[in-house]
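Here is the naming used below: chain letters follow the sequence lines, and residue numbers restart at 1 for every chain.
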Amino acid sequence: MLSMSEVRVRFAPSPTGALHIGGVRTALFNWLFARRHGGKFILRIEDTDRTRSTDESIQIILDGMKWLGLDWDEGPFRQTERMAIYREHVDKLLGQGKAYYCYCTPEELEARRKEALAAGRPPKYDRKCRLLKAPVPGRTPAVRFLSSDEGQTIVRDLIRGAVTFENQQLDDLIIMRSDGFPTYNFAVVVDDVTMKITHVIRGDDHLNNTPRQIQLYQALGYEPPEFAHLPMILGPDKTKLSKRHGATAVTEYKDLGYLPEALVNYLARLGWSSGDQEIFSKQELIDKFSLENVGKAPSVFNPEKLLWLNHHYIQQAEPGRLADLLLELLKKDGIIPAEARPDREWMKRLVCILTERSHTLVEMKNSAIPFVAEDIHVDEKARAKHLTSDAVPLLLLLVERLKAAKPFTHAEIEKVFNGLVAEKGIKLGKIAQPVRVALTGGTVSPGIYEVIEVMGKDKTIKRIETAIGKIQN
RNA sequence: GGUCCCAUCGUCUAGCGGCCCAGGACGCUGGCCUCUCACGCCGGAAACACGGGUUCGAUCCCCGUUGGGACCA
């Protein structure tokens, strides 16, 4: 059972590149946990690796979280702004004899490690500097934590259960480098303590770091938080998801035409479940989220299912919202000029006939091109098959009747087609397909009456006449 | 190599000893609908890694094997 005190969780990405799928899932679970328990979600930027950390990356992370609607209550805090705090804690340990200066150089360490390995001993730090009485001249020391050699450290993980580590296995880890920067394991502990984090929910890859962090908490005189280690997200080849598996950055999914709610829903169901339910609104997720229902096994990222969800959410979305997104895309791709101001109601009608067969916004954009562009590109195969000379009399007759149709609505257009079909004793496809090719350039589109209605009388007639002209030449 | 974790259809998962000759979803597939493509609807194939225990009874508990993964180096 959760304690009475307020739940405080955090997401602590390193700003060394894009915001990844795995990271987002961790952020999402933290966020859901916070919202579920009415707690606080804190954002912390772990930027102590200053050779790889960039401000652009921080911005990408913030933008990605905002896009997904993962709002944070405190932060973003940056570790580089907290150096005094780490120093203070290092001094505290040093003062209590729980840490010591180490003057060994990386080269010396490496040599001794190889030696140990060669002699069949475990490659653990030999505590050479532990009993040093005076500083080694000309060298700037790092600081090592004096870890316990005996007993065990038990991680009571909310997902894994009790995981036992022999303390003997853990060596005296460096907590502060000679350049004065704290190491990951130390900074994390100090940050989580000072930020009063109650639940550390993070990737499985940190499970092995946890016992040494627990020792650090204890040495510092603090109660460790609760831990929950989430299983990894894998690529199709069952190795940790990475760039070589294709799109892994949140921004890529945005650019590919995914809706944030689709990604959120998909990621929530990756490693977590609630009975047989597949579709979850954000509120349902908040209401139902529980660490108990997080699985232990790693899960393979399945783009197919994400696509299905995206399709689903496109159907659910407000046409007005989709119209805005579509317009943005059309402008971005230069299909319509940036200064164009198409009628929004018309855009909504266009969206409505397109959603059903759009799995992504990009697909929708492509289907929208014939409606918004001046000219169309006619697919050669489609032209050869459907824009034939025996279609000409039908097309001519159709144009004539379309011109007379009023109002120019789905119902009236349908009447025109039905009339033609009945009089000529033909199948609808005989006339619908040539018209489809004439209007859209291809053989695939929404229902032909809808296409004609949304395209409008002028454009429809112009395109059919153009097609007739080309057949006759 | 050492340490730790994990193991149900191809994939995400339900299952927390009998309701399971294992349910849902994606994908795949047969059919219906149909002006194209979709959507939708109906149907199908598809899994408890293996071997020991425990138990009246194991997908579910324990041990081992195998296989995967992570971390450390």
Side-chain angles (χ1 to χ4, degrees), chain A residues 22 109-110 113-114 116-118 120-125 152-155 157 159-171 173 184-185 203-212 229-241 265-279 292-312 314-315 353-359 363 367 379 382 385-386 413-414 417-418 420-421 426-437 439-440 442-452:
Chain A
L109 257 16
E110 182 54 28
R113 180 182 307 119
K114 278 185 181 152
L117 241 27
R121 285 171 301 167
K124 199 175 149 176
Y125 179 62
Q152 309 172 316
T153 298
I154 299 172
V155 179
D157 191 279
I159 294 172
R160 311 283 150 158
V163 183
T164 305
F165 295 83
E166 297 295 329
N167 287 341
Q168 205 187 342
Q169 298 291 336
L170 278 24
D171 63 357
L173 79 153
Y184 168 76
N185 280 304
D204 216 348
D205 43 349
H206 291 298
L207 184 56
N208 282 305
N209 286 326
T210 308
R212 34 186 19 129
H229 287 92
L230 308 171
M232 302 271 85
I233 298 178
L234 275 26
D237 61 354
K238 309 234 180 181
T239 63
K240 194 173 171 178
L241 192 67
N265 192 152
Y266 178 72
L267 256 18
R269 275 290 284 101
L270 203 56
W272 174 83
S273 62
S274 180
D276 283 341
Q277 190 169 346
E278 295 287 350
I279 307 289
E292 279 175 39
N293 291 326
V294 175
K296 295 178 182 180
S299 27
V300 174
F301 185 81
N302 181 202
E304 234 82 87
K305 190 160 179 177
L306 172 58
L307 198 60
W308 170 74
L309 275 167
N310 202 48
H311 178 258
H312 169 81
I314 285 176
Q315 312 315 303
I353 69 169
L354 259 26
T355 52
E356 203 165 85
R357 64 218 81 209
S358 300
H359 287 79
E363 266 185 38
S367 316
D379 177 71
K385 181 165 182 196
H386 296 289
I413 295 162
E414 185 169 357
F417 274 78
N418 284 342
L420 259 178
V421 165
I426 55 170
K427 293 183 110 177
L428 184 53
K430 195 82 181 159
I431 179 70
Q433 279 305 78
V435 173
R436 197 184 309 278
V437 176
L439 296 183
T440 68
T443 55
V444 173
S445 85
I448 198 67
Y449 313 133
E450 285 146 1
V451 169
I452 292 172

Using a cut-off of 4.0 Å between protein heavy atoms and nucleotide atoms, how would you tag nucleotides 33-39 of chain B 5' to 3' with B, S and -?
-> --BBBBS

What one-letter contact string describes nucleotides 4-21 of chain B from 5' to 3', where B marks a base within less than 4.0 Å of any protein heavy atom, S marks contact via sugar-phosphate atoms alone, and - marks no contact?
-> SSSS---SBSS-------

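The minimum heavy-atom distance between A/N209 and A/R212, with the atom names listed, is O-CG, 2.9 Å. For the residue pair A/F165 and A/L207, the shortest heavy atom distance occurs at CZ-O, 3.9 Å.
Aromatic rings from A/Y266 and A/H312 are positioned such that their centres are separated by 6.0 Å or more.
Side-chain contact between A/L270 and A/I233 is present, with at least one heavy-atom pair separated by less than 4.5 Å. Residues A/V437 and A/T440 have side chains not in contact (no heavy-atom distance under 4.5 Å, counting atoms from C-beta outward). The shortest side-chain heavy-atom distance between A/P211 and A/L170 falls under the 4.5 Å cut-off.
When both pairing distances are held under 3.5 Å, B/C60 makes no Watson-Crick or G-U pair with any nucleotide shown. Base pairing analysis places B/U3 opposite B/A70; the two distances defining the Watson-Crick or G-U wobble pair are each below 3.5 Å. The base-pairing partner of B/U34, taking Watson-Crick or G-U wobble contacts with both distances under 3.5 Å, does not exist among the strands shown. The partner of B/C9 is absent, by the rule that a Watson-Crick or G-U pair needs both atom distances under 3.5 Å. B/A22 is unpaired under the Watson-Crick or G-U wobble criterion, no partner having all donor-acceptor distances under 3.5 Å. Shown here, B/G17 forms no base pair; nothing in the strands shown gives a Watson-Crick or G-U wobble contact with both key distances under 3.5 Å.
Atoms CD (A/Q277) and P (B/C26) sit 14 Å apart, rounded to a whole Å. One interatomic measurement links the two molecules: NE2 of A/H206 to P of B/G69, which rounds to 19 Å at whole-angstrom precision. Rounded to whole Å, atom P of B/C71 lies 17 Å from atom CG of A/L173. In this structure, CG of A/N209 is placed 20 Å from P of B/G2, rounded to the nearest angstrom. Rounded to a whole Å, the CD atom of A/Q168 is 12 Å from the C1' atom of B/G2. Note: OH (A/Y184) to C1' (B/C72) measures 14 Å, nearest angstrom.
Of the C1' atoms belonging to B/A25 and B/C9, the separation is 12 Å, rounded to the nearest Å. To the nearest whole angstrom, the two C1' atoms, one in B/G57 and one in B/C5, are 31 Å apart. Distance check on atom C1': B/C61 versus B/C48 gives 15 Å, rounded to whole Å. With both ends at atom P, the span from B/G52 to B/A14 equals 28 Å, rounded to whole Å. Across B/G1 and B/C28, the matching C1' atoms stand 43 Å from one another, rounded to whole Å. B/C21 and B/C41 have their C1' atoms separated by 29 Å, with the value rounded to a whole Å. Nucleotides B/U3 and B/U11 place their P atoms 30 Å apart, quoted to the nearest Å. Comparing the same atom, P, in B/C62 and in B/C6 gives a spacing of 11 Å after rounding to whole Å.
A donor atom on one side chain and an acceptor atom on the other are found under 3.5 Å apart for A/T210 and A/H229.
With sequence neighbours excluded, no residue forms a ring-ring contact (aromatic ring centres under 6.0 Å, His included) with A/Y125. Residues satisfying the salt bridge (Lys or Arg N to Asp or Glu O under 4.0 Å) criterion with A/E450, sequence neighbours excluded, are absent altogether.
Among residues at least two apart or in separate chains, salt bridge (charged side-chain N to carboxylate O under 4.0 Å, His left out) pairs with a member in residues 160-170 of chain A are A/R160-A/D204.
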Name every donor-acceptor pair, under 3.5 Å, that has one atom in a side chain of residues 293-306 of chain A and the other anywhere in the protein, sequence neighbours excluded.
residue : atom : partner : partner atom : Å
A/K305  : NZ   : A/E278  : OE1          : 3.0

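Each of A/L234 and A/L306 was matched to the nucleotide of RNA chain B holding its nearest heavy atom; the match closer to the 5' end belongs to A/L306.
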